[in-house]
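Since the structure comes first, as structure tokens, the remarks are kept for the end.
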Amino acid sequence: MNIQSGKGVRRNRSELFAQEEQSDSEENNVPPVTEVTPREEEQEQEHEQEQQDHRPMKKSRHNQYKSNRTEYEYALPEEQSKKSLLRNNKSTANTSWEVEQFNKASQLPLSNEDKIIENNADDYEFVFDETQFVNYDDPDILSGDEEQESLDLTSAFNNEIAELRKNLPVYNYRADFLTTLENNQVLIVVGETGSGKTTQLPQYLYEAGYSQNNLAIACTQPRRVAATSIAARVAYEMNVKLGHEVGYTIRFDDKSSKDTVIKYVTDGMLLREFLTDPQLSHYSAIMIDEAHERTISTEILLGLLKDIIVTRPQLKIIIASATINAEKFSQFFNNAPILNIPGRRFPVKIHYTKSPEANYIQAALTTIFQIHTTQPEGDILVFLTGQEEIETMEEALQDSIGKLGDQIEPMLVCSIYANMASEVQSKIFNKPPPGTRKVVLATNIAETSITIDGIKYVVDPGYVKQNKYNPATSMESLVVVPCSRASADQRAGRAGRVGPGKCFRLFTKWCFYNELDANPTPEILRTNLTSVILLLLSLGINDLLKFPFMDPPSKQSIIKSLELLYALGALNSKGKLTKTGQKMTEFPLDPILTKCILMSSKFGVTIQICCIIAMISESSNLFYRPKGKAELADARKAQLHHQLGDHFTLLNVWRTWKDYGYSKEWCRDCFINYKTLQRSKNVYDQLIRLCKKVGLIDSVQETRGDDEDRMIQKALLSGFFMNVCRLSRMGDGYVKLKGSTSGCFIHPSSALYKTKPKLVIYYELVLTSKEYMRCCSIVDDKLVREMAGHYYASKG
DNA sequence: TTGTGGTGT
């Protein structure tokens with residue numbers, strides 16, 4: 001293999017494909033079990049050579065693009081399309097859907113209608129001042145004379161599709177995979193997007209007999225939709241009914257049976273299974289997929305698995321990850337071997353700005369129009385940090401589009417973020433009318449959770465809004481920070497799903513390599529650990545400081561959690577789990593919330609507290625507030641407000657919704673997220689079930705005495721006794737009764753925002769533009785003395 | 001005067 005010359009070519013290129021950079025580092029750092037085949041290496045080189053050849057010509061045409069370009073066509077050679085159609089017909093049940101996606105891509109009906117007709121060059125002069133353009137380090141990238149290149153790329157990929165049809169990439173590694181796993185207990189698989197690992201590897205295990213003796217194969221996913229859709233796909237490939245041999249288990253939905261031999265589960269679900277079966281004795285093999293995402297559940301699973309492989313030498317562990325830090329997983333599992341499986345995706349050309357952009361919103365806006373006026377068809381995906389930014393950008397875009405009128409081709413702007421009414425959300429999946437370019441403004445949700453078809457251009461300002469928990473102040477902060485290199489590459493990859501794409505990074509190449517972290521901070525270092533610690537304790541792991549975390553959380557953060565668990569009565573003075581603590585582990589909730597439920601039966605308000613708790617963790621995205629209708633939404637919300645505060649407002653919402661027969665229309669009228677309420681109802685049903693199980697209640701008959709409100713306040717205080725704030729005499733700020741003294745404020749979304757009561761209890765403290773208390777209700781001194789006297793009696 | 005994204009028998 002001629003790696004040397006390949007590298008030489010790479011260094012000469014000013015622009016690199018993100019995915020190639022990744023495989024480069026793999027070759028350097030990781031001892032691969034299997035390497036890229038010589039054929040693929042050759043193809044890559046050819047392709048690179050081609051770009052080299054084009055470069056001088058492009059340079060000479062710099063700044064002349066307006067006069068040179070009037071019209072160009074984006075099409076595929078007819079024969080290629082036919083061939084892939086033919087292959088598609090021969091498809092077998094064993095081919096993964098990635099293949100279909102790629103074939104679909106090559107079959108796009110590109111007729112004359114799809115020609116991109118450029119406006120008269122003079123119009124641009126009027127509209128755009130070139131000196132205002134965002135300055136990218138390769139001045140030719142937006143000159144648009146690359147049709148030849150993209151044609152060749154497409155045909156190269158059509159050839160690759162031929163390979164794919166016969167064999168998925170992962171298939172070539174089937175034997176390697178099985179023999180390596182036979183000789184090793186743990187195997188790290190680096191499989192890029194399109195390798196087929198998630199659907200195929202569990203099937204290989206099944207075919208190799210790992211499901212004999214009543215044992216099953218589990219594969220974890222960080223997201224519910226992934227678990228369900230992949231299970232459905234694999235059931236289809238194996239020609240069995242979903243829920244029989246192949247199934248899935250996620251919270252509120254279990255499609256598995258005794259016959260299930262391949263089971264897809266959420267990582268949180270497998271973690272819960274440890275509680276009932278600490279050796280996971282039902283499984284012969286466990287695949288942790290998307291391990292690079294490092295969700296808390298995955299992280300804990302890895303630590304627990306490291307533990308049980310000692311006592312279960314027959315159990316096989318596969319860690320599947322898509323990024324370059326496979327080495328870290330390997331080291332964690334005593335230098336487990338690494339199997340590299342190349343992926344199949346279209347190349348994405350990365351462009352950086354020449355100098356840092358001071359205002360990335362402005363730069364993004366300009367870039368969108370640069371792409372729109374100079375690039376062939378294909379939709380644009382823009383990564384922004386939050387709802388507000390998206391709304392600002394949408395307004396600015398619509399404004400410009402309106403001013404430009406028919407001087408530019410039509411453009412359709414749509415947005416997506418998690419807290420958006422679901423009816424509006426689906427708009428982003430609609431195909432724009434022919435000749436119209438779709439611009440999708442998205443948060444991180446488009447990085448991993450949802451995939452939008454037709455994206456060819458990605459605009460990446462390089463920022464993300466991130467949550468960080470500070471155990472010392474028990475406050476979260478939600479701040480905009482630069483994203484990691486891994487995130488930036490993931491974003492870029494979104495442009496290469498249907499064909500070769502381009503990614504415009506609004507930062508410099510130097511910044512990418514020198515200022516961005518390689519990977520995002522693992523979630524476990526950013527969150528409140530209390531429930532995790534309780535889970536570990538209930539699994540009998542008492543020496544938490546010795547638990548094998550890949551990235552151990554700070555000692556302070558662990559100790560803070562232990563202190564809280566002790567204060568809640570979950571631990572005794574020796575650090576052992578109490579009966580209360582054992583009951584708490586039954587509930588899939590933060591221990592503070594569980595404490596409220598456990599105490600509620602004493603006050604006869606268990607049903608009410610379960611309603612409130614079921615809604616509280618989702619309360620931040622219960623109400624939505626569309627721009628333009630913000631005042632109406634506020635008014636509707638105000639009608640549901642309860643004078644005692646937000647906890648009571650939640651209960652009001654619940655009861656009213658119930659009175660309206662759990663109506664969807666009512667939700668829409670009140671600007672309430674129906675999906676959120678539905679999820680809360682599922683949680684509520686689960687909580688009631690658990691309350692019956694641990695003997696808190698024996699019926700769902702709600703008793704409502706005259707002192708109901710007071711009883712609810714007591715139950716809330718029994719868990720949230722440390723979250724009490726007093727209005728400061730100086731101004732409008734609040735100060736914690738005990739603990740940190742800096743001022744905080746009632747969140748503007750609160751029912752108490754204007755009331756400003758003397759004493760409030762809050763659910764959480766979040767630092768955004770200010771330190772805000774979210775979800776607040778009124779309490780009084782007498783209540784606090786009665787319910788939290790023990791906590792406030794000591795100094796502080 | 002306002003909330004990135006997930007998850008839990």
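Quick note on labels: first sequence line is chain A, next is B, and so on, each numbered from 1. Since this is a predicted model, take the numbers as computed values, not measurements.
Taking the side chain to side chain contact (heavy atoms under 4.5 Å, CB included) definition, one finds that A/I778 meets it with A/L644, A/L752, A/P757, sequence neighbours left out. Partners of A/T220 under the side chain to side chain contact (heavy atoms under 4.5 Å, CB included) rule, at least two apart in sequence or in another chain, are A/V265, A/D267, A/L270, A/I288, A/L301. A/E245 meets the side chain to side chain donor-acceptor pair (under 3.5 Å) test with no other residue; sequence neighbours excluded. Under the rule for a ring pair (Phe, Tyr, Trp, His ring centres under 6.0 Å), A/H292 has no partner lying at least two apart in sequence or in another chain. Not counting sequence neighbours, the partners of A/E395 by the side chain to side chain contact (heavy atoms under 4.5 Å, CB included) test are A/K627. Scored by the side chain to side chain contact (heavy atoms under 4.5 Å, CB included) test, A/D634 finds A/R625 as partners (sequence neighbours excluded). Under the ring pair (Phe, Tyr, Trp, His ring centres under 6.0 Å) criterion, A/F623 pairs with no residue at all, not counting sequence neighbours.
If you check B/dG3, B/dG8, B/dT1 against the side chain of A/Y753, the one that comes closest is B/dT1. Distances from the side chain of A/I250 to the nucleotides B/dG8, B/dG5, B/dT4 place B/dG8 closest. In the set B/dG8, B/dT7, B/dT2, B/dT2 carries the atom at the smallest distance from any side-chain atom of A/D634. Closest approach to the A/I445 side chain among B/dG8, B/dG5, B/dG3 is made by B/dG5 (side chain taken as heavy atoms from C-beta onward). Comparing B/dG5, B/dG3, B/dG8 against the side chain of A/R224 picks out B/dG8 as the nearest.
Taking the six-membered ring where tryptophan is involved, the planes of A/W657 and A/Y674 are perpendicular, since the angle between them exceeds 60° and thus also 30°. A/F671 and A/Y624 have perpendicular rings, their planes meeting at more than 60° on a 0 to 90° scale where under 30° would count as parallel.
Applying the salt bridge (charged side-chain N to carboxylate O under 4.0 Å, His left out) rule to pairs touching residues 380-394 of chain A yields nothing, sequence neighbours excluded. Applying the salt bridge (charged side-chain N to carboxylate O under 4.0 Å, His left out) test to every pair with at least one member in residues 680-694 of chain A, sequence neighbours left out, gives these pairs: A/E586-A/K693, A/K681-A/D685.
For A/Y772 and B/dG3, the shortest distance from a side-chain N or O to OP1 or OP2 is not below 4.0 Å. The side chain of A/S769 places an N or O atom within less than 4.0 Å of a non-bridging phosphate oxygen (OP1 or OP2) of B/dT2. Phosphate contact (OP1/OP2 of B/dT2, side-chain N/O of A/T768, threshold under 4.0 Å): absent.
Near DNA chain B, defined here as any heavy-atom distance below 4.0 Å, the residues from residues 253-268 of chain A are A/T266, A/G268, listed numerically. Sorted by residue number, the members of residues 678-687 of chain A with any non-hydrogen atom under 4.0 Å from DNA chain B read A/Q686. Interface residues of residues 644-651 of chain A facing DNA chain B, ordered by number: none; criterion, heavy-atom separation under 4.0 Å.
Nucleotide B/dG6 holds its P atom 12 Å from the CD atom of A/E447, rounded to whole Å. In this structure, A/E618 places its CD atom 14 Å from P of B/dT4, rounding to the nearest Å. Separating the CG atom of A/L301 from the C1' atom of B/dT7 is a distance of 12 Å, rounded to the nearest angstrom. Rounding to whole angstrom units, CG of residue A/D289 and P of B/dG6 are separated by 18 Å. Atom-to-atom, OH of A/Y469 to P of B/dG6 comes out at 22 Å; the value is rounded to the nearest Å. Spacing between atom NZ of A/K770 and atom P of B/dT2 amounts to 8 Å, rounded to whole angstrom units. Computed from coordinates, the A/I746 CD1 to B/dG3 C1' distance equals 17 Å when rounded to whole Å. In this structure, A/I416 places its CD1 atom 20 Å from P of B/dG3, rounding to the nearest Å.
Not one N or O on the side chain of A/T443 forms a donor-acceptor pair closer than 3.5 Å with the backbone of A/T385.
A/R625 comes within contact range of at least one nucleobase, with a heavy-atom separation under 4.0 Å. If you check every strand for non-hydrogen atoms under 4.0 Å, A/L589 touches a base. Using a 4.0 Å heavy-atom cutoff across all strands shown, A/E523 reaches at least one base atom of the nucleic acid. Residue A/T443 is classed as a sugar-phosphate contact, given heavy-atom separations below 4.0 Å to backbone atoms only. Here A/S449 lies in heavy-atom contact (under 4.0 Å) with sugar-phosphate atoms only. Among the protein residues, A/R251 comes within range of the nucleic acid bases, having at least one heavy atom under 4.0 Å from a base atom. Nucleic acid contact class of A/F587 (heavy atoms, under 4.0 Å, all strands): none.
Less than 6.0 angstrom separates the ring centroid of A/Y360 from the ring centroid of A/Y463.
Contact annotation: side chain of A/E290 to base of B/dG6, donor-acceptor pair absent below 3.5 Å.
When the nearest nucleotides of DNA chain B are assigned to A/S617 and A/K637 by heavy-atom distance, the more 5′-ward of the two goes with A/K637.
Minimum interatomic distance between A/P202 and A/K197 (heavy atoms only, all atoms of both residues): CD-O, 3.7 Å.
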